[in-house]
Amino acid sequence: MSAALQLQDVALTYTTRAGNISALAEVSLDVAEGEFVAILGPSGCGKSTLLKLTAGLLHPTHGRIMVGAGTVTRPGRETGVVFQKPNFLPWKTVLANVLMPAKTLGLVDGSARKRAREMLAMVGLGEFADNYPFELSGGMQQRVGIARMLLHDPQLLLMDEPFAALDALTREMLMLELQRIWEQQRKSVLFITHSIQEAVFLADRVLVMSPRPGKIVASLTIPLPRPRTLETLGQGEFMVLCQHLRGYFAHA
Ligand code: ADP
C-alpha cells in the first residue's frame, strides 16, 4: 500500500515573547491508503500542533510533511479537517455551513449544494439542512462538521478530538457512525484523541505520543475484526489492548 500521509522527522517550536516552546520533536509517521490511524497522547503533548501542521495551517520548523506525492505547504483539497468545536456561522443554516468552504475550494455551486445535501443525508441529518446550528444537539453538530469535512471528497481526513466535548453515550454513537462512514468511503484517517477506548475502537493502528515535546513512542496494531460494535467495548481482547496502552501513561 502507498502512503497517503508521511511525516519525516518533523519538529515544531513556537516562538513566544516568554521564550521558545518546543511542541514537537522528531516526529516520523505514515498513514497508508485507506488506513485509520489514531494518535493518542496526554494533554499538551502537541497533538493539535501535529494536526495543524498536517492540514497546512502551520509550517514545521524542521522536517517534511507529504500528502500523497506532494509536500504540504498550505491547506489543500486533498485533506478534510474536523476540529473539537465545529465553528459554525450561527446566522447561516446547516446547509450553508456545510457549504462554507465551497468557494475557497473552488467547487461549482450547483454540484456542491447537491453534494452537501448528500453528505448531510449520509450523516443522518438530511431533514435538518434548513435548520440553524443552535437547533441541533452537540452530537448532531459534530455530524454536520463531518459532512462539511467530506464536502470536497478529500482523500485524507484529519480529525482533532472531534468527540471530546460530547457526553459518553453520544460519543459511543458517533464512534459507530464514524466507523460506518469510514467503511463506506474508505478514506485515510489521522484521528487525534486522548481517549484510549476511542483510539482502540476506531483505529487500525494506534500511535502513542510522549509528553511535550511530543514524539511517537509506540505503535500498536489493532487486530480487532470489523465492524466493531458496542459489544466490542466489553470484550476481553479490546480491554487487553486498552490496558496495554494505559501502561504508557501510568506514572508512579
Ligand atoms: P495538545 O493538542 O496535545 O493538547 P497542543 O498541540 O495544543 O497540545 O500544544 C502543545 C504545546 O504547544 C503546549 O505546551 C502549548 O502550550 C504549546 N502551544 C500550542 N499552541 C501554541 C501557540 N500558538 N503559541 C505558543 N505555544 C503554543
Side-chain angles (χ1 to χ4, degrees), residues 5-31 36-67 71-76 79-87 138 141-142 145-146 148-149 156-168 171 174-175 178 188-203 205-220 222 242 244-251:
L5 169 68
Q6 265 188 303
L7 273 72
Q8 298 165 347
D9 201 14
V10 169
L12 186 115
T13 301
Y14 289 106
T15 308
T16 73
R17 276 193 298 175
N20 289 345
I21 298 174
S22 171
L24 292 175
E26 298 163 33
V27 174
S28 295
L29 64 89
D30 51 49
V31 178
F36 197 124
V37 173
I39 294 203
L40 184 64
S43 182
C45 75
K47 299 187 298 300
S48 294
T49 301
L50 181 71
L51 196 115
K52 285 181 197 148
L53 284 165
T54 310
L57 298 167
L58 286 175
H59 301 289
T61 317
H62 183 269
R64 189 150 86 129
I65 301 172
M66 312 260 297
V67 170
T71 301
V72 175
T73 53
R74 57 191 158 86
T79 49
V81 189
V82 166
F83 294 106
Q84 198 179 117
K85 292 208 184 96
N87 283 331
Q141 292 190 15
Q142 277 307 32
I146 291 172
R148 183 170 62 186
M149 167 180 77
L156 176 67
L157 308 182
L158 304 173
M159 308 185 79
D160 188 5
E161 307 210 37
F163 309 148
L166 305 172
D167 64 87
R171 283 177 87 133
L174 281 179
M175 285 194 318
L178 179 59
S188 314
V189 183
L190 188 65
F191 185 95
I192 297 219
T193 181
H194 59 248
S195 160
I196 294 175
Q197 286 214 337
E198 208 170 81
V200 173
F201 186 88
L202 286 167
R205 200 153 51 91
V206 178
L207 304 178
V208 180
M209 271 179 88
S210 69
R212 189 179 67 80
K215 294 181 188 173
I216 308 292
V217 291
S219 168
L220 182 70
I222 307 297
C242 289
H244 178 80
L245 286 168
R246 209 163 276 125
Y248 289 99
F249 305 105
H251 300 296

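Order of listing sets the numbers, starting from 1, for every ligand and every atom in it. What's counted below: heavy atoms across the whole structure, side chains too, no hydrogens, waters or symmetry copies.
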- Item | Donor-acceptor pair, side chain of T49 and main chain of A23, under 3.5 angstrom | no
- Under 4.0 Å from atom 19 (C) of ligand 1, is there any protein heavy atom? yes
- Check: V81 and M149 side chains under 4.5 Å, non-hydrogen atoms: no
- Message: Tell me whether R148 contacts the main-chain N or O of V82 through its side chain, where contact means a donor paired with an acceptor under 3.5 Å.
- Response: no
- Message: Taking 4.0 angstrom as the limit and counting only heavy atoms of I21, give me the atoms of ligand 1 inside it, by number and element.
- Response: 26 (N)
- Item | Heavy-atom protein contact below 4.0 Å for atom 16 (O) of ligand 1 | no
- Message: Suppose I only count heavy atoms of S43 and a 4.0 Å limit; which atoms of ligand 1 are within that range?
- Response: 4 (O)
- Query: Mind checking whether R212 has an N or O less than 3.5 Å away from an N or O of ligand 1?
  - Reply: yes
- Message: Only heavy atoms of T16, strictly under 4.0 Å: list the atoms of ligand 1 that pass.
- Response: 25 (C)
- At under 4.0 Å between heavy atoms, what of T49 touches ligand 1? The answer is both
- Any N or O on G46 sitting closer than 3.5 Å to an N or O of ligand 1? yes
- Item | Protein heavy-atom partner closest to atom 3 (O) of ligand 1 - residue, atom, separation in Å | K47 N, 2.9 Å
- Could you tell me if any non-hydrogen atom of C45 lies under 4.0 Å from any atom of ligand 1? yes
- Would you say the side-chain atoms of T193 and E198 include a donor-acceptor pair closer than 3.5 Å? yes
- Query: Polar-atom distance check: G44 versus ligand 1, any N or O pair below 3.5 Å?
  - Reply: yes
- Task: Show your working on side-chain contact (heavy atoms from CB on, under 4.5 Å) between L50 and L24 and close with a plain yes or no.
- Result: CA-CA 8 Å; L50 181 71; L24 292 175; 4.0 Å; yes
- Where do Y14 and T61 land on the side chain to side chain donor-acceptor pair (under 3.5 Å) test, with the steps shown first? CA-CA 9 Å; Y14 289 106; T61 317; over 6 Å; no
- Task: For side chain to side chain donor-acceptor pair (under 3.5 Å), just list the numbers for R212 and S22, CA-CA rounded to whole Å, side-chain angles, deciding distance to a tenth of an Å, and then say yes or no.
- Result: CA-CA 7 Å; R212 189 179 67 80; S22 171; 5.7 Å; no
- Within a distance under 4.0 Å of any heavy atom of S48, pick out the atoms of ligand 1 and give their elements. 1 (P), 2 (O), 6 (O), 7 (O)
- Which residue and heavy atom of the protein sit nearest atom 12 (O) of ligand 1, plus the separation: Y14 CE1, 3.5 Å
- Task: Please could you name the atoms of ligand 1 that A23 approaches to less than 4.0 Å, counting only its heavy atoms?
- Result: 12 (O)
- Item | S48 and D160: side chain donor to acceptor below 3.5 Å | yes
- Non-hydrogen side-chain atoms of L207 and L40 separated by less than 4.5 Å: no
